[in-house]
Amino acid sequence: MLDKKYNAEEKEQKWQEYWYDNDIYKFEPKENQKIYSIDTPPPTVNGKIHMGHLSSYMHIETIARHHRMKGEAVYFPFGFDDNGLPTERYVEKVIKKRAQELPRAKFIEICLDETKKLEEEFFALYKRAGFSCNLKTHYSSIAPRTQKISQKSFIDLYNKGLVYHAESPSLWCTECRTACAQSELESKDIESTFNYLKFYISGTDEYVTVATTRPEMLCGVCCVFVNPKDIKNIHLLTKKLVVPYFGYEVPVLADDLVDMEKGSGVVMCCTFGDTVDKEWQRKHKLPIKKCFTDDGRMTELAGEFAGMPILEGRQAIIAKLKENDFLIKQENIVHSVSTHERCGTPVEIAVKNQWFIDVLSHKDELYKAGLDLNWYPKSMRARYLNWVENLSWNWCISRQRYFGIPFPVWYCKNCGKPKLADESDLPVDPLKDSPKTPCECGCNEFAPETDVMDTWATSSLTPQISTDLYTNKGFDDTMVPMNLRPNAHDNIRVWDFYTITKSLYHFGKLPWKDLMISGYVTSPDGSKLAKSKGNGADSPQNIIKTYSADVTRYWANNLTLGKDTAFSLVEFDNGKKLVNKIWNASKFVMMFLENYEPKKVNLEVMDKWILARYNELVKKFIGYLDKYEIALAVNELEKFFWNFCDNYIEIVKRRLYNPDVYGEEKCNSAKYACFNVLLGMLKMFAPVLPHITEEIYMDYFAKFENAKSIHATQYLVLDEKFDDEIIANGDKLVELVSKVRQYKSENKASLKAEIEEVTITSNITDFFKQAEPDLVGVCSIRKMNYNDGEYSVELGKIVPPEADAQNQ
RNA sequence: GGGAGUUUAGCUCAGUUGGCUAGAGCAUCUGCCUUACAAGCAGGAGGUCAUAGGUUCGAGUCCUAUAACUCCCACCA
């Protein structure tokens, strides 16, 4: 027997323990069983999880559970992305020290400790949310087995000529003191000034105007460009210009990329002020002039300004330009600047020895991959394609940091050639290990590569890393393509793009078939949720405690796929109502099913109606979920469920209560329908509301199916077929019941008030006659009359309560 | 500047491939203690589906343009 009230907090935790202890979600594919595999997003271990993450995982959950209910073996692994810069920065904040201030080994040790603490918190939350991924074995992106896969990937790319080591311009963060990738950039609007400067033509007192937002880079000007089609400036090509204040001369060169309309049409080029400078440096073989140090200060090139931080240098130089009459005018502008997403610092371009994966020469294949993958929702494909089209940097994977996977590389001290580790020795740490064979040149002395790999160089291998937990095959593609990659839209250009790149490069195939892209949950005011805010009153832990995991899951699964939604607690009330209603309806129905024995019976028409409706629903429901339309699927189910409660149960209730009046057979018919429809609905609710459905199922239904959990069963598909008209006819009757209710309501009568007589004119008189006991019962009608003809209904007088009492 | 999304009831949103009087929840109003549920039930009111054109027998749904908001990318001269 079910309790009178459902205590969610207690029951949910009971079942979570039960599932965990009994391995309910264990991946054990039987022979010929279809496998559905999910490339679960490993949470980045760099702070507290917030409702946005949680809701995204709750979508994945529903899909995983859906496929289990379809009878597939669901491979739903779990892991953490716990290496790399995000984690380092988190740890730096916790210990209030910069990584450089500690010995490398000590810092790494602290990172491992701190991530472990956070991971335990994550685990507890995932368990409490009722997640059905494999919580017993998980991967970690810093673990040795992962390092092995990641290093092997590097070696494979090296052998294929797809990764190269070069001294070339790379994006540089002066705050994190490391190179970064294009995908780590974030545009930020920053107030600045546009400075119009006098560049004197050498040997004259004529000048041309050159505008710049970065006057501090005047110390590193290589040349000045004009457009070769620019008649008004073309005469400058034979001249030299004098850089204001710094006083040295630079040549004037021509290039098509110069926009004649912008500013004066004359532009200064430094190495490197922006992406175009990078292009020009390469194209025109310009000298490289380094204006900044790695930690963002002016170099000796800046003379008296050397040592100043960039911004300070800019102000100081502007002051000098003004003083010396080089500044024609200044405009205040707000322009968007590429900043490092981890720290918000404007990114510079620095020439460094870095490792790059070549993506620019494979744009076409990468673009095509986007076309070949199934994106849900479809519109997300455009974001991917847009990103690939706009790629302008090869993927820099080396980081001048500490807590990451080391490159399996040493450099020969004699010839400088990189020496790669032997695959059988992986994982290696070049700082601790040494190559086993000498260099080709015969030299046996090596310097270790001290850079570590970018975290995405590893997490782009999650199809390999996660399936390795099951196959133990390491760097391997037997379970690839996986069925699903789920993530939020911010990861399209990062995790998705990099995973696609690696999978194509290594195995020549797509990493998955489908991508399910969730939207963001924003604060009620529309601003981004941040991990730093995630621990307040609206923390996932608190929400689940207050509203239960099931209700939270219901909320998450009502969000439209791919769309950002402002977080609002109001939405949780629907879920609470639904859970409560499922409990009460089940309790009620099960009251009549105590000695129920499943067997075929002669069905009454309204019982056929609800079963036919159910059949229709199951098809629709599964169809929606197969297309990742979770909200629509749940919506359909809910509509059906409410119809079941408010109409069907009300209609058959009397038959269930009074077998002596209606006859045993009619009562059994209702029981049959109730049993199957309730069981069927519970199974459909199970992916979204795994706890309450489990409680009800295990209390009553489990014994009929000999199952140890509702989540170990499949959707209920009935083998009965029904006449096509039964649904329309049944709906007609429900409509009639509604009409009678309205009639009573308008007359302010109680719903149980009796009606003298009702006359139905229709061409389905047979149907109404068959349903008469139900109709008369639910509407309290004393006498029914039937006519054939065009549909109409005549309602007789409502019997006044007093008269009713007298008649009794 | 390029691309995507959104715009439907007072609020939050559903509305597959164009098809009968446009839906739900919340809020509001009116009734009802009806042998599961008052955290409930029944009923009502509330919308020229952003705007303007077009295609069609028929448009919230397709096409074109416009506006507002959001996001992604590019823009640092």
Side-chain angles (χ1 to χ4, degrees), chain A residues 2 4-5 182 185 187 190 192 194-197 209-214 217 224-226 257-270 273-277 333 335-338 346 377-387 389-392 489-490 492-493 519-520 522 526 558-560 562-566 568 570-571 573-592 620 623-624 627 629 631-632 635-636 638-639 642 645-646 649-650 653-654 657-658 737-753 778 780:
Chain A
L2 298 179
K4 184 152 172 49
K5 292 267 176 196
Q182 191 181 352
L185 302 183
S187 304
I190 289 182
S192 181
F194 211 18
N195 307 283
Y196 291 80
L197 305 176
T209 309
V210 176
T212 180
T213 54
R214 306 209 59 181
M217 296 197 81
V224 166
F225 280 108
V226 295
L257 282 179
V258 178
D259 185 341
M260 294 183 275
E261 307 304 316
K262 241 180 200 170
S264 58
V266 184
V267 53
M268 69 184 213
C269 171
C270 318
D274 62 29
T275 338
V276 189
D277 289 345
I333 55 160
H335 66 163
S336 95
V337 174
S338 291
K378 280 198 217 88
S379 58
M380 291 300 168
R381 171 180 282 131
R383 285 206 192 194
Y384 173 86
L385 298 179
N386 192 227
W387 172 252
E389 277 177 324
N390 285 308
L391 277 175
S392 54
H489 52 53
D490 58 335
I492 293 174
R493 64 174 186 161
Y520 265 178
T522 65
N558 261 300
L559 304 177
T560 306
K563 208 167 122 178
D564 293 353
T565 312
S568 155
V570 179
E571 311 296 326
D573 293 335
N574 286 345
K576 243 164 77 179
K577 261 177 63 176
L578 175 66
V579 166
N580 189 46
K581 189 80 177 176
I582 291 175
W583 186 254
N584 286 320
S586 302
K587 211 167 59 183
F588 180 69
V589 166
M590 281 153 61
M591 206 164 79
F592 300 103
K620 221 169 171 177
Y624 275 139
K627 289 188 289 178
E629 291 282 8
L632 293 183
N635 204 337
E636 283 297 325
E638 244 183 298
K639 261 188 343 210
W642 240 271
C645 292
D646 297 341
I649 291 186
E650 286 303 321
K653 189 157 148 175
R654 281 150 206 86
Y657 270 118
N658 310 302
V737 170
S738 188
K739 199 165 191 165
V740 172
R741 284 168 171 169
Q742 186 183 352
Y743 178 66
K744 288 180 182 173
S745 187
E746 277 166 1
N747 288 287
K748 309 208 167 185
S750 155
L751 281 179
K752 66 175 180 185
V778 71
S780 308

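The structure displayed is predicted, hence computed values, not measured ones. To find a chain, count down the sequence lines: A is the first, B the second, and so on, and within it residues start at 1.
- Nucleic acid contact for A:S738: sugar-phosphate only, since backbone atoms but no base atoms lie under 4.0 Å from a heavy atom of the residue.
- Across all strands, A:V258 comes closer than 4.0 Å to base atoms (heavy-atom distances).
- For B:G3, the OP1/OP2 oxygens have no side-chain nitrogen or oxygen of A:W387 closer than 4.0 Å.
- Among the atoms of the strands shown, base atoms are found under 4.0 Å from some heavy atom of A:K620.
- The side chain of A:Q182 places no N or O atom within less than 4.0 Å of a non-bridging phosphate oxygen (OP1 or OP2) of B:C72.
- Straight-line distance from the CG atom of A:D573 to the C1' atom of B:A39: 10 Å, rounded to whole Å.
- Panel note: side chain A:N195, backbone A:T212; a donor-acceptor pair is recorded below 3.5 Å.
- Within the 4.0 angstrom heavy-atom criterion, no nucleotide atom of any strand lies near A:V589.
- In this view, A:D274 and A:V276, A:D277 satisfy the side chain to side chain contact (heavy atoms under 4.5 Å, CB included) rule, not counting sequence neighbours.
- Comparing B:U35 with B:G23, their C1' atoms are spaced 34 Å from each other, to the whole Å.
- Here the nucleotide nearest the side chain of A:S379, chosen from B:A42, B:U16, B:G5, is B:G5.
- A:K748 comes within contact range of the sugar-phosphate backbone alone, with a heavy-atom separation under 4.0 Å but no base atom that close.
- Among the nucleotides B:C76, B:C37, B:A14, the one closest to the side chain of A:N580 is B:C37.
- Comparing the C1' positions of B:G60 and B:A50 gives a spacing of 12 Å, expressed to the nearest Å.
- In this structure, the side chain of A:R654 engages the main chain of A:E650 through a donor-acceptor pair within 3.5 Å.
- If you check every strand for non-hydrogen atoms under 4.0 Å, A:I333 touches nothing.
- Ranking B:U16, B:A77, B:G3 by closeness to the A:A382 side chain, first place goes to B:G3.
- Counting non-hydrogen atoms under 4.0 angstrom, A:S264 reaches nothing in the nucleic acid.
- Dashed line: the shortest gap from a side-chain N or O of A:Q742 to OP1 or OP2 of B:G44 is under 4.0 Å.
- Counting heavy atoms from C-beta on, the side chains of A:W642 and A:K581 come closer than 4.5 Å.
- Between A:E629 and A:N635 the shortest side-chain heavy-atom distance does not fall below 4.5 Å.
- Put simply, the side chain of A:K620 never gets that close to the backbone of A:E636: no donor and acceptor are under 3.5 Å apart.
- B:C13 and B:G5 have their C1' atoms separated by 16 Å, given to the nearest Å.
- The residue A:D259 sits close to a base: some heavy atom pair falls under 4.0 Å.
- Going from atom NZ of A:K576 over to atom C1' of B:C37 covers 15 Å, rounded to whole Å.
- The separation between A:L391 atom CG and B:C72 atom C1' is 14 Å, rounded to whole Å.
- OP1 and OP2 of B:C76 both lie 4.0 Å or more from every side-chain N or O belonging to A:S338.
- Between B:A14 and B:A52, the two P atoms lie 24 Å apart (nearest whole Å).
- Without hydrogens or angle criteria, A:N584 side chain to A:N580 main chain gives a donor-acceptor distance under 3.5 Å.
- With C1' as the reference atom, B:A45 and B:U64 are 38 Å apart, rounded to whole Å.
- For the P atom pair drawn from B:U51 and B:A4, the interatomic distance equals 23 Å after rounding to whole Å.
- Each of B:C41, B:C26, B:C72 was ranked by its minimum atom distance to the side chain of A:N574; first place goes to B:C26.
- OP1 or OP2 of B:A77 sits under 4.0 Å from a side-chain N or O of A:T213.
- By the 4.5 Å heavy-atom criterion applied to side chains, A:I492 and A:W387 are not counted as neighbours.
- At whole-Å resolution of the value, CG in A:D564 and P in B:A4 are 17 Å apart.
- Remark: the backbone N or O of A:L391 is not paired with any side-chain donor or acceptor of A:Q182 at under 3.5 angstrom.
- In terms of heavy atoms, A:H489 sits closest to A:G519 at CD2-CA, 3.9 Å.
- A:E638 comes within contact range of no nucleotide atom at all, as no heavy-atom separation falls under 4.0 Å.
- In terms of modelled atom types and a separation under 3.5 Å, the side chain of A:K752 and the main chain of A:S780 share no donor-acceptor contact.
- For the P atom pair drawn from B:C20 and B:U61, the interatomic distance equals 14 Å after rounding to whole Å.
- Out of B:C73, B:C71, B:A4, the shortest distance to the side chain of A:R493 is found at B:C73.
- Backbone-only engagement by A:F194 is indicated by non-hydrogen atom pairs under 4.0 Å involving sugar-phosphate atoms exclusively.
- Within 4.0 Å (heavy atoms only), A:A585 reaches at least one base atom of the nucleic acid.
- The nearest whole Å value for the distance from the OH atom in A:Y196 to the P atom in B:A77 is 9 Å.
- Between the CG atom of A:L632 and the P atom of B:G23 there is a distance of 17 Å, rounded to whole Å.
- The separation of B:U8 from B:C76, taken at their P atoms, amounts to 37 Å, rounded to a whole angstrom.
- A donor-acceptor pair is defined here as one N or O able to donate and one able to accept, closer than 3.5 Å; no such pair exists between the side chain of A:T565 and the backbone of A:L559.
- Here the side chain of A:A211 is nearest to one of B:A42, B:C37, B:A77, namely B:A77.
- At least one side-chain nitrogen or oxygen of A:K577 sits closer than 4.0 Å to the OP1 or OP2 atom of B:C26.
- To the nearest angstrom, C1' of B:U35 lies 15 Å from CG of A:L751.
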For RNA chain B, what string of dots and brackets results from 5' to 3' when Watson-Crick and G-U pairs need both distances under 3.5 Å, crossing pairs get [ ], and pairs with another strand get |? (((((((..((((.....[...)))).(((((.......))))).....(((((..]....))))))))))))....
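- A:C269 comes within contact range of no nucleotide atom at all, as no heavy-atom separation falls under 4.0 Å.
- Between A:K563 and B:A14 there is a side-chain polar atom (N or O) within less than 4.0 angstrom of OP1 or OP2.
- Residue A:T560 is classed as a sugar-phosphate contact, given heavy-atom separations below 4.0 Å to backbone atoms only.
- Checked against B:C32, B:C76, B:C41, the side chain of A:D646 finds its nearest nucleotide in B:C41.
- Nucleic acid contact for A:N386: base, since at least one base atom lies under 4.0 Å from a heavy atom of the residue.
- Note: NZ (A:K744) to P (B:G44) measures 15 Å, nearest angstrom.
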